[in-house]
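What's counted below: heavy atoms across the whole structure, side chains too, no hydrogens, waters or symmetry copies.
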Amino acid sequence: MHDKPAVTQQPIHDIIARRWSPRAYDVNRPVSRAQLVSLLEAARWAPSCYGDEPWRFIVWDRNHDAAAFQRAFDCLGEFNQRWVKNAPVLMLVLASEHFRKGAPNRWGMFDAGAAAENVYLQAVALGLAAHPMGGFDAEEVKRAFNVPDGYTPMAMIAVGHQADAAVLDGDLHDSEIALRQRRPLGENFFEGEWGRPVVPSGL
């Protein structure tokens, strides 16, 4: 397995530094029900505007309901199917477009992202890996799983136990072992006004 902790300009918490999105999963190691519920419990305690909790999750566990998992798998793009075939669990994160009282909620997607990030970090804490994906047919997944109007599918997440990169081939293998990179802090994080870096380049 490849451990690729973030190379940071200042120290950050270990669980954040160790979180990344592998594609190599052990097809023979299921995610336990206790682990699965733990991931969802982490999502449940994410922050949200007015405490409205606009996120919804649909979970498919290959070892619990193989037919439903296959239907979800069929909604993925071909590239993602190449590696998700080894993952035991898929999740769909959705965002409500409205507050409970009916007013439009323009923060719903932001809050659903926060809930998903809690899943990624809890996965690290449990010795699991989680990989979010945008490559899926949102309309098909809504149709196949009876998603009501007013909910936007945001991402699919593969969850499982990480395996050695050798289970992947070609470009997938190369990506799995490549070094992680991020833009310098000064390119994305500003102070006082747009374009003024919090951290000058070179620091």
Side-chain angles (χ1 to χ4, degrees), residues 1-26 29-57 59 61 80 83-84 86-95 107-134 154-165 168 172 175-192 194-203:
M1 294 186 293
H2 292 269
D3 188 18
K4 301 199 292 190
V7 178
T8 62
Q9 292 177 232
Q10 289 292 326
I12 62 175
H13 196 284
D14 180 63
I15 201 168
I16 300 173
R18 289 192 293 116
R19 188 226 62 81
W20 66 290
S21 301
R23 293 188 176 96
Y25 287 91
D26 188 338
R29 294 186 66 187
V31 173
S32 73
R33 300 304 286 180
Q35 288 173 321
L36 185 56
V37 172
S38 180
L39 295 175
L40 302 179
E41 189 69 45
R44 186 165 77 107
W45 289 97
S48 62
C49 185
Y50 296 118
D52 206 74
E53 303 171 47
W55 49 78
R56 300 293 185 273
F57 284 69
V59 178
D61 184 340
N80 286 324
W83 60 271
V84 174
N86 290 330
V89 169
L90 275 171
M91 297 181 179
L92 175 67
V93 186
L94 305 103
W107 301 278
M109 293 181 181
F110 181 84
D111 294 342
E117 177 70 3
N118 275 14
V119 170
Y120 313 149
L121 297 178
Q122 185 66 12
V124 176
L126 295 173
L128 300 170
H131 185 127
M133 299 165 279
M154 301 306 302
M156 297 274 269
I157 306 172
V159 180
H161 293 270
Q162 191 181 354
D164 190 272
L168 303 171
L172 292 176
S175 175
E176 194 77 355
I177 63 175
L179 294 176
R180 297 175 62 194
Q181 296 183 346
R182 288 291 189 277
R183 295 177 183 142
L185 275 170
E187 290 190 18
N188 288 3
F189 299 90
F190 309 135
E191 184 167 14
W194 186 274
R196 182 188 294 165
V198 172
V199 178
S201 60
L203 295 180

> Within the supplied structure, the quantity of interest is the number of heavy atoms (other residues, nucleotides, ligands) at a distance under 6.0 Å from Arg180 CZ; does it exceed 12?
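It does: Arg180 CZ has more than 12 such atoms within range.
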> Should Met156 and Met91 be marked as a side-chain contact (heavy atoms from CB on, under 4.5 Å) after you check the CA-CA gap, both sets of side-chain angles, and the distance that decides it?
CA-CA 5 Å; Met156 297 274 269; Met91 297 181 179; over 6 Å; no
> Taking the six-membered ring for Trp and the full ring for Phe, Tyr or His, determine whether the centres of Trp20 and His131 are under 6.0 Å apart.
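Not close enough - the centres of the two rings lie 6.0 Å or further apart.
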> Let's go through Val31 and Asp61 carefully: what are the C-alpha distance in whole Å and the side-chain angles of both, what is the deciding distance for side-chain contact (heavy atoms from CB on, under 4.5 Å) to 0.1 Å, and is it a yes or a no?
CA-CA 8 Å; Val31 173; Asp61 184 340; 5.5 Å; no
> Any side-chain heavy atom of Gln122 sitting closer than 4.5 Å to one from Glu41?
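Gln122 does not reach Glu41 side chain to side chain.
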> Are any of the side-chain heavy atoms of Met133 and Ile157 separated by less than 4.5 Å?
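In short, these two side chains do not touch, never coming nearer than 4.5 Å.
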> Quick one: are Asp52 and Trp107 in side-chain contact, heavy atoms under 4.5 Å?
no
> Less than 4.5 Å apart, side chain to side chain, heavy atoms only: is that true for Val7 and Gln181?
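No, their side chains stay 4.5 Å or more apart.
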> Ignoring hydrogens and angles, state whether a donor on the side chain of Trp83 or Asn86 is under 3.5 Å from an acceptor on the partner side chain.
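Not at all, the side chains of Trp83 and Asn86 share no donor-acceptor pair under 3.5 Å.
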> Are there more than 12 heavy atoms of other residues, nucleotides or ligands under 6.0 Å from atom OH of Tyr50?
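Incorrect, the count does not exceed 12.
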> Quick check: are there more than 12 heavy atoms from other residues, nucleotides or ligands sitting under 6.0 Å from CZ of Arg29?
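No, CZ of Arg29 has 12 or fewer neighbouring heavy atoms, counting only those of other groups under 6.0 Å.
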> Under the side-chain contact (heavy atoms from CB on, under 4.5 Å) rule, what do Val37 and Leu39 come out as? Steps first, then yes or no, please.
CA-CA 5 Å; Val37 172; Leu39 295 175; over 6 Å; no
> Using the rule given for side-chain contact (heavy atoms from CB on, under 4.5 Å), can you reason through Glu53 versus Asp111, listing the C-alpha separation, both sets of side-chain angles and the distance that settles it, and then say yes or no?
CA-CA 7 Å; Glu53 303 171 47; Asp111 294 342; over 6 Å; no
> If only side-chain N and O atoms count, and only distance matters, is there a donor-acceptor pair under 3.5 Å linking Arg23 with Ser21?
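There is no such pair (donor and acceptor under 3.5 Å, judged by atom type) between the side chains of Ser21 and Arg23.
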> Could you check whether atom CZ of Arg182 has more than 12 heavy atoms from other residues, nucleotides or ligands sitting under 6.0 Å from it?
no
> With a 4.5 Å heavy-atom cut-off, do Leu185 and Val198 have their side chains touching?
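No; the side chains remain at least 4.5 Å from each other.
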> Are any of the side-chain heavy atoms of Asp26 and Gln162 separated by less than 4.5 Å?
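A side-chain contact under 4.5 Å is absent here.
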